[in-house]
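Take a look at the structure below.
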Amino acid sequence: MTESQLEVQHFDAVVVGAGFSGLYMLYKLRELGYSVRVYEAAEDVGGTWYHNRYPGARCDIESIYYNYTFSEELLNEWTWSQRFAEQPEILDYINFVANRLDLRRDIQFKTRITAARYNENYHFWEIDTDTGNLLTASYFITALGCLSASNTPNIKGMDCFKGEMYHTGKWPHEEVRFKGKRVGVIGTGSSGIQAIPIIAKEASSLTVFQRTPQYSTPAQNHAYDPEYIRQIRNNYSEIKKAMSESRHGVPSFPREELAIEVSPDVRKQAYEKAWQEGGLFTLLYQFSDLGFGENANETAQDFIRSKIREIVQDPEVADKLMPSFFYGTKRPIIDTNYFETYNRENVTLVDIKNTPIMEITPTGLKTEETEFELDMIVFATGFDAITGPFFKMDIRGKGGVPLKEKWAGGANLKTYLGLATAGFPNMFMITGPQSPSVLSNMIVSIEQHVEWIADFLEYLRKNNHDEFDVAPPAEEAWSEQCREITEMTLLPKTDSWYMGANIEGKPRGFLAFAGGVGLYRQICNDVAAKGYEGFITLPASRAMNL
Ligand code: N01
């Protein structure tokens, strides 16, 4: 270790992560005159879009809404090529922003924050990195991404596999070739469903190991018409307002009609229109009771199941692909030729709920029934979502209490607005647990959080305060409100990663705020308007408690 590495560096704010949220937080605080340093474990900017470079990776939010909206210049200088941009184009966009705003000079790459402790005497955070930096920061801001801790199941024998093995969430930078190979994909969530049709076209054979069949509807992706882009640009301030007041961060709203009150013909027409139109929430928005009413939801399920049956030629394969949970209680999935892929001769579907995977062998994979010879295994097995990335660091608050301990047990996961948590003063979370984050267009949620945090820091500075904490009753009330809203929906009735159900041993509990980004923004604004009600702030002038 060099001498300079042993020097303690102090910043007003240390931000963890250089994805969409970390980059905007850096820009915002730097503009306001704070000293900020971002630490990023990867070699470059991008966060989720840096790591998820598997074949077929693309956005499920329409590109024109999936960008920063805080700068008109950025909006006007970037033109998306297609309705659902592919990962390389999104990563290019993030690089464009990083270059345009000259962000890299305040980012330290290839450096992982390993631990952070709150120093109660000096009211700052002491932060350790895996490169030996010793840091202190008045504010510790996590911009970790909700889906950055990949989940690879521990399957007997996996270390002995002689072929290639990948996880969609940690895809290599070098080209992965499927040509002439026998490939197995485990997992049929958004990642698997995007990758499967592409891999199938190249591989000599593709075996899909499916645990839970999924609903997926066509993305109906297409190139953008320049005239359409021009119109969008001209109306962007209205679009931005609609996004910020919406449910999911896109400028559209569920229709008011109830599925259970219209005739089967009217319903079918609505669903058919949505199917043709494509898009993430289009089908879910056809009726306002799909997210709440079991019978209503079943009509959407039936429609998608009938479509799967129409598309998939082999009735036995179609049977295996029939999903049965409430539609929309896992993040909806949109695809390009997913179900069609099962009509290919080189594709086999294996139902691992009925015939579980027993082990990985040196040459393939064994289920209870069959042994499959494979040259490559792709894990599309998702993430330890939302809380997982926090637990990769040893974060300790007042009294040295580890965050992992505070949040142990699903019912104990308490935050205030998903932005902060009691006992961890001066720590902010961008798109943390119990915020709308993963249920929304992430960029809309990120911008709202970053701007709210910056406003709060300005409030503290103007009032000459240097410490905030959450009042425990405020986080009790917020957590209860999150639970009550979730209970009104069908969301907790499904085993999903929203519920922590995909990770063995993870406590069950809904991890986000389900009331929508519009309501959430209003609540956050009210809290600010009432002098940051629910937060305890302390003046910088008080004697240090040494
Ligand atoms: O992960 P997932 P993902 N043995 O958790 C299965 C976002 N995203 O990476 O359903 C066997 O959804 C698991 O089975 P089950 C988006 O928000 C967005 O696909 O748990 N199988 C499931 O089939 C998304 O929701 C885009 O029974 C196992 C799959 O693996 C989120 O990321 C693209 C298993 C995991 O599905 C996560 O998506 C990609 C095991 N032990 C991702 N463990 C966009 O379009 C898990 N599975 C923007």
Side-chain angles (χ1 to χ4, degrees), residues 20 47-49 51-63 65-66 83-87 89-90 145-156 158 166-171 184-196 198 208-217 219 221 248-249 278-281 321 323-325 328-336 338 349-360 365 367 377-386 388 431 437-443 445 494-506 511-512:
F20 269 107
T48 197
W49 296 108
H51 295 288
N52 285 266
R53 45 181 80 215
Y54 58 85
R58 66 172 77 236
C59 195
D60 58 8
I61 297 288
E62 294 194 35
S63 312
Y65 312 132
Y66 196 77
R83 186 180 183 192
F84 297 104
E86 284 183 283
Q87 175 270 340
E89 188 174 1
I90 302 172
C146 299
L147 298 162
S148 53
S150 58
N151 163 47
T152 305
N154 187 12
I155 301 175
K156 184 181 156 200
M158 61 196 292
Y166 304 104
H167 189 288
T168 48
K170 288 189 292 189
W171 201 259
V185 172
I186 305 176
T188 53
S190 305
S191 305
I193 283 180
Q194 286 183 332
I196 284 164
I198 313 278
V208 177
F209 298 92
Q210 169 196 266
R211 191 163 69 177
T212 307
Q214 267 282 6
Y215 300 100
S216 183
T217 60
N221 188 29
H248 293 108
L280 189 64
F281 301 113
L321 287 166
S324 58
F325 57 92
T329 54
K330 294 187 178 206
R331 186 169 172 102
I333 299 180
I334 53 175
D335 70 87
T336 302
Y338 173 63
L349 177 65
V350 180
D351 173 357
I352 54 169
K353 204 157 239 167
N354 277 331
T355 56
I357 296 173
M358 301 308 288
E359 66 178 297
I360 290 177
L365 188 157
T367 65
I377 299 176
V378 174
F379 287 90
T381 43
F383 302 89
D384 181 355
I386 306 180
T431 66
S437 60
V438 290
L439 301 178
S440 70
N441 173 357
M442 287 298 284
I443 316 293
S445 289
T494 296
D495 281 345
S496 65
W497 60 257
Y498 294 151
M499 293 290 293
N502 62 327
I503 302 295
E504 226 179 294
K506 186 165 175 170
L511 291 162

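First listed ligand is number 1; within each ligand, the first listed atom is number 1.
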| said: Test of understanding: given a 4.0 Å heavy-atom threshold, classify the contact between Thr168 and ligand 1 as side chain, backbone, both, or neither. | reply: neither

| remark: closest protein heavy atom to atom 6 (C) of ligand 1 is Gly187 CA, 3.8 Å

| For Ser148 against Phe383, the heavy-atom pair lying closest together | N-CD2, 4.1 Å

| query | Parallel, tilted or perpendicular: which describes the rings of Phe20 and Tyr66, with under 30° parallel and over 60° perpendicular? | reply | perpendicular

| query | Would you say the side-chain atoms of His167 pair up with the backbone N or O of Gly382, donor to acceptor, closer than 3.5 Å? | reply | yes

| task | Mark yes or no: Lys330 above the aromatic ring of Phe325, with NZ or CZ under 6.0 Å from the six-membered ring centre and no more than 45 degrees from the axis. | result | yes

| note | All heavy atoms of Pro55 vs all of Ile198, minimum pair found to be CB-CG2, 3.8 Å

| field | Selection from Ala380, Ser190, Ala57, Ala195 by shortest heavy-atom distance to atom 8 (N) of ligand 1 | value | Ser190

| query | What is the nearest protein non-hydrogen atom to atom 36 (O) of ligand 1, stated with its residue, atom name and distance? | reply | Gly189 CA, 3.4 Å

| said: Heavy-atom pairs closer than 4.0 Å: do any link ligand 1 to the side chain of Phe383, the backbone, both, or neither? | reply: side chain

| note | If you scan protein heavy atoms around atom 37 (C) of ligand 1, the nearest is Trp497 NE1, 3.7 Å

| said: Below 4.0 Å, non-hydrogen atoms only: which portion of Tyr54 touches ligand 1? Side chain, backbone, both or neither. | reply: side chain

| query | Out of Arg58, Glu504, Arg211, whose heavy atom is nearest to atom 34 (C) of ligand 1? | reply | Arg211

| message | Please tell me whether Ser440 and Ser445 have a donor and an acceptor in their side chains that are separated by less than 3.5 angstrom. | response | yes

| Residue and atom name of the nearest protein heavy atom (relative to atom 27 (O) of ligand 1), distance in Å to one decimal | Thr212 OG1, 2.4 Å

| said: Among all the protein's non-hydrogen atoms, which is closest to atom 41 (N) of ligand 1, and how far away is it? | reply: Pro153 CB, 3.2 Å

| task | Heavy atoms only: give me the nearest Val438-Cys146 pair and the separation to one decimal. | result | CG1-CB, 3.4 Å

| said: Is Gln210 close enough to touch ligand 1? Criterion: a residue heavy atom under 4.0 Å from a ligand atom. | reply: no

| message | Would Leu147 count as a contact residue for ligand 1, given that I'm defining contact as a non-hydrogen atom of the residue lying under 4.0 Å from a ligand atom? | response | yes

| Considering only the protein, which heavy-atom contact is closest to atom 17 (O) of ligand 1, and what is its distance? | Arg331 CD, 2.9 Å

| Donor on one side chain, acceptor on other, Asn151 and Thr381, under 3.5 Å | no

| Nearest to atom 22 (C) of ligand 1 by heavy atom, Thr188, Thr48, Ile90: which? | Thr188

| note | Quick look: Lys330 vs ligand 1, heavy-atom contacts under 4.0 Å, and the answer is side chain

| request: Check Ala195 against Tyr54 and note the closest heavy-atom contact, atom names and distance. | output: CB-CD1, 4.0 Å

| Is there a nitrogen or oxygen of Ser191 sitting under 3.5 Å from a nitrogen or oxygen of ligand 1? | yes

| said: Counting non-hydrogen protein atoms only, what is the nearest one to atom 1 (O) of ligand 1? Give residue, atom name and distance. | reply: Gly382 CA, 3.1 Å

| remark: In ligand 1, the atoms that come under 4.0 Å of a heavy atom of Gln194 are 33 (C), 44 (C), 45 (O)

| So, are Asp60 and Arg331 salt-bridged, with charged N and O less than 4.0 Å apart? | yes

| message | Hydrogens and angles aside, do Thr329 and Thr494 bring a side-chain donor and acceptor to less than 3.5 Å of each other? | response | yes

| said: Treating Gln87 as the side-chain partner and Trp49 as the backbone partner, does any N or O pair qualify as donor plus acceptor under 3.5 Å? | reply: yes

| said: Within ligand 1, which atoms have a heavy atom of Ile186 less than 4.0 Å away? | reply: 11 (C), 21 (N)

| said: Among all the protein's non-hydrogen atoms, which is closest to atom 11 (C) of ligand 1, and how far away is it? | reply: Ile352 CD1, 3.5 Å

